[in-house]
Amino acid sequence: MCSLGGLSWTFAIGVVGVLSAVAGEVTPAKKLSTPLPKVYSSPGEVFDAYRKARDKDDWRTLFSCLTKESQELEVFEVFIACETTSHHQEARAVCKKYGVDNVSINTIYYAKYKRKHGIDIAQIVTERENNAKKANESRQKKRAKDQSDGGAAVVAASPSEDLGPPLPPRDEDLIHEVISAQIKDKAGFFEEAHVAIACKPEIDLEPRIGPLEQVTIHGETAIGRAKMTMFHLESTDGKTSNKIGSTSDETFNFQRVNSSWLLTGEK
């Protein structure tokens, strides 16, 4: 997976307190300055920043071009990308750093699911794993017996094999809640996760987005259109791959938040 078409965000720096023993006095805590977020005066301005950030793989700037709701969605999507990418080692390291490795997430999710739905997923998983282990041991014994009797060497699992109660439906809203709560520095996770899952083919196939056009503003929201060109490789002789592009009009939505225009995603 190359990229999610992401964006970026910023987070506050804490206050550091320094104690001094000089003359028995305490030196007041020194506050570190927190960079103010960029204020975009128009949909076109934030869109231009978004386009430039995409082209430069500047994930933090991309993230800062989004509304909070869109940031939350992007964080979840890049988390899923980390779970499914072929770059497992790098992606796992990022997830572990930010507290969203499988063990941490499952532990929290199972506990919250039990409180919300009254179903103990952890107990069900343990029961199914134990039953699967017993079933496998039973098949191994049967295989060994069949082989000693001159029978087949392979004993397949029965489709009707009862491993215990089925897992309950996944609560998507709860998963989103857990991921969001665990990742404190969302901009940092978004940036590092994109780097971990990035792939750079010899031929650049990244989509290209044109300038914003046909902007219509309605109070605190706006809508505009831009041309997006998607690329793929196509072979005509079975050997040479040609880069082919197809262009379409895409709709982009904006919202003004605290005097700054931000992207709310592509429609």
Side-chain angles (χ1 to χ4, degrees), residues 1-6 59 63 69 71-201:
M1 176 174 185
C2 292
S3 67
L4 294 180
W59 303 115
F63 196 66
E69 293 77 15
Q71 288 177 352
E72 295 281 356
L73 179 59
E74 288 288 333
V75 165
F76 184 74
E77 289 186 351
V78 80
F79 165 75
I80 295 300
C82 284
E83 291 290 294
T84 58
T85 183
S86 58
H87 300 63
H88 291 303
Q89 186 173 352
E90 297 89 341
R92 278 200 301 265
V94 172
C95 288
K96 186 173 182 61
K97 174 181 176 180
Y98 287 88
V100 286
D101 54 285
N102 283 334
V103 174
S104 299
I105 290 300
N106 285 343
T107 300
I108 299 170
Y109 174 70
Y110 291 169
K112 286 182 174 289
Y113 196 100
K114 184 178 180 179
R115 287 196 294 269
K116 181 177 180 180
H117 300 288
I119 299 174
D120 192 340
I121 299 180
Q123 182 178 341
I124 294 175
V125 169
T126 299
E127 182 178 344
R128 290 179 64 86
E129 287 177 348
N130 289 338
N131 289 339
K133 182 179 179 181
K134 292 177 182 177
N136 184 59
E137 291 173 349
S138 177
R139 288 195 299 273
Q140 295 287 352
K141 291 179 180 179
K142 188 175 189 310
R143 179 182 298 115
K145 183 177 184 304
D146 289 347
Q147 285 180 319
S148 65
D149 295 339
V154 178
V155 179
S158 170
S160 61
E161 202 168 67
D162 184 14
L163 299 182
L167 291 172
R170 176 166 151 147
D171 188 330
E172 294 293 339
D173 291 338
L174 188 57
I175 282 287
H176 277 262
E177 177 188 315
V178 170
I179 298 299
S180 178
Q182 279 294 100
I183 302 175
K184 308 303 182 184
D185 179 7
K186 293 179 173 58
F189 174 76
F190 185 79
E191 179 180 44
E192 292 187 41
H194 266 288
V195 172
I197 65 178
C199 61
K200 293 294 182 182

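A quick note: this is a predicted structure, and the numbers were derived from the prediction, not measured.
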**OP:** State the CG-OG1 distance between Asn102 and Thr107, to the nearest 0.5 angstrom.
**Re:** 10.0 Å
Subject >> Minimum heavy-atom distance Pro168-Ile124, with the two atoms named >> reply: CD-CD1, 4.2 Å
**OP:** Calculate, to the nearest 0.5 Å, the distance between atoms OH and CZ belonging to Tyr110 and Arg115 respectively.
**Re:** 15.0 Å
**OP:** Give me the ring orientation class for Phe79 and Phe76: parallel if the planes are under 30° apart, tilted from 30 to 60°, perpendicular past 60°.
**Re:** tilted
Original post:
Between atom CD1 of Ile179 and atom OH of Tyr98, what is the distance when rounded to the nearest 0.5 Å?
Top reply: 14.5 Å
Original post:
Taking atom NZ of Lys96 as the centre, does the number of heavy atoms from other residues, nucleotides or ligands within less than 6.0 Å exceed 12?
Top reply: no
Subject >> CD-CD distance between Glu177 and Glu172, expressed to the nearest 0.5 angstrom >> reply: 13.0 Å
Original post:
Do other residues, nucleotides or ligands put more than 12 heavy atoms under 6.0 Å from the CD atom of Glu127?
Top reply: yes
**OP:** Side-chain contact test, heavy atoms from C-beta onward, threshold under 4.5 Å: evaluate it for Gln71 versus Lys186 and give yes or no.
**Re:** no
Original post:
When rounded to the nearest 0.5 angstrom, what is the spacing between CG in Leu174 and OH in Tyr109?
Top reply: 5.5 Å
Subject >> Min side-chain heavy-atom separation Ile197-Val94 under 4.5 Å >> reply: no
Original post:
Can you tell if the side chain of Glu69 reaches within under 4.5 Å of the side chain of Glu72, non-hydrogen atoms only?
Top reply: no
Original post:
Of all heavy-atom pairs between Cys82 and Cys95, which one has the smallest distance, and what is that distance?
Top reply: CB-SG, 3.8 Å
Subject >> Gap separating the CG atom of Leu163 from the CZ atom of Arg128, nearest 0.5 angstrom >> reply: 5.0 Å
Original post:
If we only count heavy atoms from C-beta on, is the Glu90 to Val195 side-chain gap below 4.5 Å?
Top reply: no
Original post:
Is there a donor-acceptor contact under 3.5 Å from the side chain of Gln182 to the main chain of Val100?
Top reply: no
**OP:** Quick one: list whatever passes side-chain hydrogen bond (donor to acceptor under 3.5 Å, both in side chains) with Thr126, sequence neighbours left out.
**Re:** none
